[in-house]
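To keep things clear, I will list the structure first and then write my remarks on it.
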Amino acid sequence: MSESEPTTPPAPADFIRDIVAEDLQSGKHPLSVTRFPPEPNGYLHIGHAKSICLNFGIARETHGRCNLRMDDTNPTKEEVEYVESIQADVDWLIGGWADDRLGRKVPGDVSGSAVLPSEASGRTLEPFFASDYFEQMLALAVELIRRGKAYVCDLNPEEMSEYRGVPERPGKPSPWRERSVEENLDLFERMRKGEFPDGTRTLRSRIDMASPNIHLRDPALYRIRHATHHRTGDRWCLYPMYDYAHPISDYLEGITHSICTLEFEIHRPFYDWVLQSLNLPRTLPRQIEFARLSLGYTVMSKRKLLLLVEEGLVSGWDDPRMPTLSGLRRRGVRPEALRAFAAAIGVTKYNGLTEVSVFESCIRDDLNLVALRRLAVLRPIKVVLTNIAEGETHWFDAVNNPSNPELGTRKIAFTRELWIDSDDFMEVPPPKYFRLRPGGEVRLKYACIIRCDEVVKDAAGEVVELRCTADLETRSGGANAAKKVKGTIHWVSAAHAIRAEVRLYDRLFTEEAPEADGRDFKSVLNPESAHTITALLEPTLAEARQTDRFQFERVGYFTLDVPYSPTGVAPTSVPLIFNRTLGLKDSWAKEMAKK
RNA sequence: UGGCCGAUGGUGUAAUGGUAGCACAGGGGCCUUUGACGCCCUUAGUCAUGGUUCGAAUCCAUGUUGGCCAACCA
């Protein structure tokens, strides 16, 4: 028997997964059905990734289903651009992991029936839309009116707010609260037909104007909005509120566990009220709340991200500095890293601040295993090897990934003139500096040891060239290959190097909590968050593919820049621009910073 | 003179009345043709006070403290 099974990470455990497991075990539900219900009013971000990993993770672990649903009940805020980007981002995040548990539907079907990919049999599927249920929601609202649980209210928004009262004082009943069922039915029908202008009437639940929970003081069910909806066009002028639409949508889709963030905790009694008031035949879904993610050195609210985009503070939703999924993808973060991060931070009801270092550690762990090692010089200084003849070329083998030999090797050219990084030479170095110095020796990675004989400066005193000698006997397989020097640096052959634009990204904000104590988050934008340089790269990088991940040795992780494409079709060729995903850990720089 | 929900090392979490553990971060070391990776060691915690119990991070009470709630947003 084999003791060394491939290690699969243990399934995460948390209070929500416990509830689901219990409900499955008790037989309350034969199958778990969760859902991810974003409003299509912006791009998905890493906070959504936490929710996606939770909901699809549960579906995956319990062999259940997770529906993707656009929560599109407010026509004034929603756009198809967002619908499309959301689908693309979800596909990207769960692809190869939980995509077999993705519940979608046949276009045109408004029943709420889900189809898994394995059941599609050639049909194209689309996500669910809350707007598909408008007809059923309306019928149920009529039922609520018939039961005396809803009424048409003529109060305007200001009056309604006044009647609602404040948390510490009860509200007072609307003067329209006691209308007859017949009158309510008539008025509601006329609201639907468009007889009244926006803001003149609402359909309200009839619960308790004195409830200590303000969300139970007859909250609105429907409002009049003469607006064009991205999906239903001008068919409706009456739109359901989230609090009403959500429980119904969940019920129609057979959702068993409706997982949302903490701020909806106080809405839960109303969620239950809607469903219980309707005497529905099937087992009702249960709403469970967890703490949303807040991550250091970034902002998470769609409103703020939208502001950054609109004011041109970033290049777009997919700017590699953005915490959006499209931004992270363009930055070079892989879905694997996002999923590992979600597992690492867990799920609780505690509102904390997660340090970015946790996320960065997940990104590095993931990339370290897959990234192809390459040599790249970001800020070049010329090195001339005086004992190598012009035109003389040596080819050395370089491994693509030391932790995964299957990724093979490549040849790199070694010639008289090379580039090294300016960080790797100091004329007057501090103690413990292991790199090149006048008269000093250093190993060139994959090649041999060189000694710096002479420093050539220009008129301004800037170092322009290092004249060195190479000791070819110290190359791999050479007579003196075992010779040790303290430092090993990266380099490229000047005759072979290619030039490319390299974009160095850093955190978007200078403060860990940009929105702390009411300050304007835009005032703490990091002016150093993006730098563009021209780097000299080993020529194999010319063939970089979009899916490749690279580690420029001793520098960091990089990937080809591929902007988000609204068509969903990846461009076949992209210009040679590399984005820095993340730098390597640098304990030398840290040591220097301490001083 | 409101309601709801929280509180475990610096941070995020685990322990479901029975040894306070893990990860990240920090510190020290080993290894190294990446000052990376890896490996070893290490610092550091149950909000407070009472109570129940043989035994409490866990149950109860009180207090402290933080978050959320007064859109015809989601």
Side-chain angles (χ1 to χ4, degrees), chain A residues 13-15 18 37-39 41 71-74 76-78 153 155-157 160-162 164-171 198-204 211-217 219-225 239 241-243 245-246 260-269 289 291 296 302 343-362 364-365 368-369 373 375 398-399 402-403 432-435 443-449 474-476 481 483-490 512 551-556 583-591:
Chain A
D14 53 64
F15 77 100
D18 289 346
E39 181 186 15
N41 66 344
D71 208 349
D72 56 348
T73 57
N74 184 352
T76 63
K77 287 190 173 177
E78 296 146 9
C153 180
L155 256 26
N156 66 35
M160 201 185 281
S161 167
E162 186 199 323
R164 182 165 35 235
V166 291
E168 17 328 269
R169 290 254 166 255
D198 290 5
T200 53
R201 279 182 235 261
T202 55
L203 183 73
R204 286 232 255 170
S211 170
N213 182 346
I214 237 162
H215 294 279
L216 255 21
R217 319 241 263 226
L221 263 21
Y222 274 91
R223 79 290 216 181
I224 300 170
R225 277 260 213 289
Y239 290 93
M241 302 289 294
Y242 163 87
D243 277 316
H246 210 85
C260 60
T261 46
L262 245 30
E263 64 271 25
F264 292 102
E265 216 157 15
I266 196 166
H267 297 236
R268 189 183 346 129
E289 310 84 13
K302 279 193 207 167
I345 59 178
V347 178
T348 65
K349 301 184 75 162
Y350 176 72
N351 261 312
L353 176 70
T354 298
E355 292 181 350
V356 258
S357 63
V358 179
F359 185 40
E360 293 177 343
S361 156
C362 291
R364 290 192 181 103
D365 276 356
N368 181 43
L369 265 20
R373 310 295 129 120
L375 298 183
V399 295
S403 58
K432 299 277 217 31
Y433 186 81
F434 298 155
R435 284 107 98 150
R443 179 175 282 280
L444 298 180
K445 179 82 179 177
Y446 304 124
C448 62
I449 293 172
T474 60
R475 80 226 232 191
S476 180
K483 179 173 176 181
K484 301 286 182 205
V485 285
K486 278 295 224 179
T488 300
I489 64 172
H490 55 100
E512 187 177 31
Q551 184 198 100
F552 293 177
E553 292 210 54
R554 304 207 312 125
V555 178
L584 252 29
K585 268 206 260 179
D586 188 347
S587 56
W588 170 246
K590 196 203 285 180
E591 185 71 25

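Letters A, B, ... are given to chains in the order of the sequence lines, protein chains preceding strands, and every chain is numbered from 1.
Between A/W588 and A/F434, the two ring planes are parallel [angle under 30°; tilted spans 30° to 60°].
Contact of A/R554 with B/U34 (side chain to base): no donor-acceptor pair of N or O atoms is detected under 3.5 Å. Within 3.5 Å, no donor on the side chain of A/E263 pairs with an acceptor on the base of B/G67, nor the reverse.
The listed nucleotides are B/A71, B/A25, B/U34; the one nearest the side chain of A/P402 is B/U34. The side chain of A/D71 lies closest to B/A74, out of B/A14, B/A74, B/U1. You'll find that the side chain of A/P212 is closest to B/G3, out of B/G3, B/G12, B/U34. If you check B/U13, B/C24, B/C72 against the side chain of A/T348, the one that comes closest is B/U13.
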Review point. What would the secondary structure line of RNA chain B be in dot-bracket form, counting Watson-Crick and G-U wobble pairs under 3.5 Å, with [ ] for pairs that cross earlier ones and | for pairs with another strand?
Key: .((((((..((((....[..)))).(((((.......)))))....(((((..]....))))))))))).....

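Listed pair A/K349 / B/C68 fails the phosphate criterion, with no side-chain N or O lying under 4.0 Å from OP1 or OP2. Remark: A/T73 is in phosphate contact with B/A74, judged by side-chain N or O atoms under 4.0 Å from OP1 or OP2. Between A/S587 and the phosphate of B/A36, there is a side-chain N or O to OP1/OP2 separation shorter than 4.0 Å. When the side-chain nitrogen and oxygen atoms of A/R164 are compared with OP1 and OP2 of B/G2, none of them lie within a distance under 4.0 Å. OP1 and OP2 of B/U33 both lie 4.0 Å or more from every side-chain N or O belonging to A/R475. Taking 4.0 angstrom as the limit, A/R223 places a side-chain polar atom (N or O) nearer than this to OP1 or OP2 of B/A74. Applying the 4.0 Å criterion to OP1 and OP2 of B/U33, one finds that A/K484 has a side-chain N or O inside that range.
B/A14 sits 15 Å from B/A23 when the P atoms are compared, rounded to a whole Å. Spacing of P atoms, B/C68 relative to B/G12, comes out at 16 Å, to the nearest Å. Comparing the C1' positions of B/A70 and B/C60 gives an interatomic distance of 33 Å, to the nearest angstrom. For the C1' atoms, the distance linking B/G50 with B/U64 amounts to 14 Å, nearest Å.
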Practice item. Indicate for each nucleotide in nucleotides 37-45 of chain B, in 5' to 3' sequence, whether protein heavy atoms under 4.0 Å reach the base (B), only the sugar-phosphate (S), or nothing (-). Key: S--------

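A/E355 comes within 4.0 angstrom of a nucleotide base, judged by non-hydrogen atoms across all strands. Within 4.0 Å of A/R217, counting heavy atoms only, lies no atom of the nucleic acid at all. Base contact: A/Q551 has a heavy atom under 4.0 Å from a base atom.
Here A/Y350 does not lie in a stacked arrangement on the base of B/A7, lacking the combination of planes under 30° and ring centres under 5.5 Å apart.
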